[in-house]
Amino acid sequence: MVIHSAHPRYRTNIHAMKIGVFDSGYGGLTILSKIRQQLPQYDYLYLGDNARAPYGTRSFEVIYEYTWQAVNWLFEQGCRLVIIACNTASAKALRTIQMHNIDPTTQRVLGVIRPTVEAVPAITQNGHIGILATPGTVASNSYVLELEKTCNLSPAPCNLKITQHPCPMWVPLIEAGEQQTDGATYFIHQDLDELLAQDPLIDTIILGCTHYPLIQDQIDQYLAGRGIRTIAQGEIVAQSLEDYLTRHTDIREVLSTDGTCTYFTTESATKFQSSASRFLQADIAAQHVELP
Ligand code: DGL
């Protein structure tokens, strides 16, 4: 794998910098909308690499390459901070980008896995955790490793039984706008059954892919009456970002505060606008961009 070296600083206008939010496609919108509810004052750039989604079945090298292209592009547009609102990219590329690609004095990149994991001990009653995610996230084992670390560090170490299950069909169905079809329902039920067959005592399921909140109602409906709580990441990531900005005044002070959001996609802008507007329940305008 070719690791890109630290990037030169971008100093377009250091007092009017934005927060970048990146996902392979539409999933990051579920994070963005919660962040904007929590922190409406800032300016955001959203980038969906819809033309190359899904990432979840791609190799480590390809996910790293695509993610770095996207993150770098957001820095070039004047972002001070980029949220990788994608578990697959957080699992496969975040650490390398943080360690090798950016100049941390002027650029910061945050992921979604660590804040999600930190919320789990307060939610589960019996420590039986299910993780639903893309094949890439599951194969990376990131959730298992992070959960074990969090648990060992917690003042009252908990006994966790963690069960992962990959859902390779869910992202393609959501990206295609087919999540309400009978075909999608079949795969959703099948994957939930397969997860619970591995551990019927699961009381908490992490929706470890930012696309999955778009089918959370269908998931919750199927699980109704079984005492299982599903965790979506939007509010958790939004709260964690607010805490981060409270601690990092150097970043907070250079962020512009006009409350705007601009959307970019590597796919057709018209297609993105129509799907994103459905997911966000508001009309948005999008612009097409080519990466790298
Ligand atoms: N939303 C991405 C995630 O959280 C989906 C990845 C994909 O494109 O497969 O993992």
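Worth saying up front: this structure is predicted, and the values here are computed from it rather than measured. Read the numbers this way: they start at 1 and go in the same order the structure lists the ligands and their atoms.
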Would you mind writing out a table of all protein N or O atoms found under 3.5 Å from any N or O atom of ligand 1, naming both atoms and giving the distance to 0.1 Å?
from	atom 1	to	atom 2	distance (Å)
ligand 1	1 (N)	Asp23	OD1	3.0
ligand 1	1 (N)	Thr210	OG1	2.7
ligand 1	1 (N)	His211	ND1	2.7
ligand 1	4 (O)	Asn87	N	2.8
ligand 1	4 (O)	Asn87	ND2	3.0
ligand 1	4 (O)	Thr210	N	2.8
ligand 1	4 (O)	Thr210	OG1	3.3
ligand 1	8 (O)	Ser24	OG	2.6
ligand 1	8 (O)	Tyr55	N	2.7
ligand 1	9 (O)	Tyr55	N	3.2
ligand 1	9 (O)	Gly56	N	2.7
ligand 1	10 (O)	Asn87	N	3.4
ligand 1	10 (O)	Thr88	N	3.1
ligand 1	10 (O)	Thr88	OG1	2.6

| message | Contact between Leu207 and Ile131 at the side-chain level, heavy atoms closer than 4.5 Å - yes or no? | response | no

| message | Tell me if the centroids of the rings in Phe22 and Trp73 come within less than 6.0 Å of each other. | response | no

| task | Sequence neighbours left out, what passes side-chain hydrogen bond (donor to acceptor under 3.5 Å, both in side chains) with Ser277? Give chain and number order. | result | none

| message | Does this structure show an ion pair linking Glu146 with Arg95, if we count only N-O contacts that are shorter than 4.0 Å? | response | yes

N/O donor to acceptor pairs below 3.5 angstrom from side-chain atoms of residues 34-41, sequence neighbours left out:
from	atom 1	to	atom 2	distance (Å)
Arg36	NH2	Gly259	O	3.1
Gln38	NE2	Gln239	OE1	2.8
Gln38	NE2	Glu242	OE1	2.6

Side-chain donor-acceptor contacts of residues 82-93 below 3.5 Å, not counting sequence neighbours, with atom names and distances?
from	atom 1	to	atom 2	distance (Å)
Asn87	OD1	Tyr143	OH	2.6
Asn87	OD1	Gln233	NE2	2.9
Asn87	ND2	Gly208	O	3.3
Asn87	ND2	Gln233	OE1	2.9
Thr88	OG1	Thr134	OG1	2.9
Thr88	OG1	Thr137	OG1	3.3
Ser90	OG	Ile84	O	3.3
Ser90	OG	Cys86	O	2.7
Ser90	OG	Val112	N	3.4

